[in-house]
Amino acid sequence: MGFGMTTVLLNLHNIGLFPLGSMILAVGIFYGGLAQVVAGIMEWKKGNTFGTTAFCSFGFFWLTLVGLIIMPQLGWGQTPGNIAMAAYLIVWGIFTGFMFIGTLKLSRALQFIFGSLTLLFFLLALADITGSTVIKSIAGFEGIICGFSAIYTAMAQVLNEIFKKSVAPIGPMS
């Protein structure tokens, strides 16, 4: 949920619905960031390497992204330029692409999340490289879809566990 909700909110900004402000930054720090790191630690205690890596990595992604926005405002370094941001996003896209490969043994829902997130990182990098507002808007809509797929998957896992049956399918691999 932390990843999904934070992703939807940031991409509502990317399509121009509202400016980047404290609402997105706060969600990025606390729900997208810290809550996911806690979830990653909980997955580590269960011995789930994929969950640990995904939750901790994307939790720290959100924390670093907020840092990239706030630190220059505090005088702690320069604002990254478009090429620097593109490099940041490309590295995250490569990492996410490798994580996508891991989902091929998990569920269709996770495949969709990680596949669409990989695409999102590369679209956002392309938008930074080209300066294209059209590409950034396309990325924003794609990011909203990615975020809502993560929200669906999180809620499906909760509901399926509560009802002890698949009431919201996630397409488990056989």
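Just the heavy atoms: all of them, side chains too, but no hydrogens, waters or symmetry mates, feed the values below.
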Check your understanding: Restricting to pairs with a member in residues 96-118, which pass side-chain hydrogen bond (donor to acceptor under 3.5 Å, both in side chains), not counting sequence neighbours?
Key -> Arg108-Gln111

Exercise for review: Could you please spell out the steps behind the ring-ring contact (aromatic ring centres under 6.0 Å, His included) verdict for Phe95 and Phe58?
Suggested key: CA-CA 10 Å; Phe95 167 76; Phe58 290 111; 5.6 Å; yes

Point to revise | Neighbour count >12 (heavy atoms, 6.0 Å) for atom CZ, Phe60 | key: no

Check your understanding: Would you call Ile151 and Thr7 a side-chain contact if the rule is heavy atoms closer than 4.5 Å?
Key -> no

Check your understanding: Linking I/L/V/M/F/W/Y whenever any side-chain heavy atoms sit under 4.5 Å apart, do Ile15 and Ile145 land together?
Key -> no

Exercise for review: Could you tell me if the ring centre of Phe114 sits under 6.0 Å from that of Phe50?
Suggested key: yes

Exercise for review: Spell out, yes or no, whether Trp62 and Met71 are grouped together once hydrophobic residues are joined by side-chain heavy atoms under 4.5 Å, including indirect joins.
Suggested key: yes

**Study point:** Between Phe121 and Phe61, ring centroids under 6.0 Å
**Key:** yes

**Study point:** Minimal non-hydrogen separation, Phe100 against Gly115, with atom names
**Key:** CD1-N, 3.5 Å

Review point. Would Ile29 and Leu9 show up in the same hydrophobic cluster when neighbours are defined by side-chain heavy atoms closer than 4.5 Å?
Key: yes

Review point. With hydrophobic residues grouped by side-chain heavy-atom distances under 4.5 Å, do Leu25 and Leu74 end up in a single group?
Key: yes

Review point. Heavy atoms, side chains only, cut-off 4.5 Å: are Ile138 and Lys136 in contact?
Key: no

Exercise for review: Look only at the side chain of Ser137 and the backbone of Thr133, and say whether a donor-acceptor pair between them is shorter than 3.5 Å.
Suggested key: no

Point to revise | Where at least one partner belongs to residues 66-92, residue pairs that pass side-chain hydrogen bond (donor to acceptor under 3.5 Å, both in side chains), sequence neighbours excluded | key: Thr64-Tyr88

Review point. Backbone N or O of Trp44 within a donor-acceptor pair of the Asn48 side chain at under 3.5 Å?
Key: no

Exercise for review: Determine, step by step, whether Phe55 and Met42 satisfy the side chain to side chain contact (heavy atoms under 4.5 Å, CB included) criterion, reporting the C-alpha distance in whole Å, the side-chain angles of both residues, the deciding distance to 0.1 Å, and the verdict.
Suggested key: CA-CA 10 Å; Phe55 284 120; Met42 292 168 67; over 6 Å; no

Exercise for review: Give a yes or no answer on whether the side chain of Asn11 reaches the backbone of Glu142 with a donor-acceptor pair at less than 3.5 Å.
Suggested key: no

Exercise for review: Evaluate side chain to side chain contact (heavy atoms under 4.5 Å, CB included) for Leu65 paired with Leu10, printing each intermediate quantity in order.
Suggested key: CA-CA 11 Å; Leu65 183 62; Leu10 179 60; 3.8 Å; yes

Check your understanding: Is the backbone of Gly32 close enough, under 3.5 Å, to the side chain of Gln36 for a donor and an acceptor to pair up by distance?
Key -> yes

Point to revise | Counterpart residues, salt bridge (Lys or Arg N to Asp or Glu O under 4.0 Å), relative to Lys45 (two or more places apart) | key: none

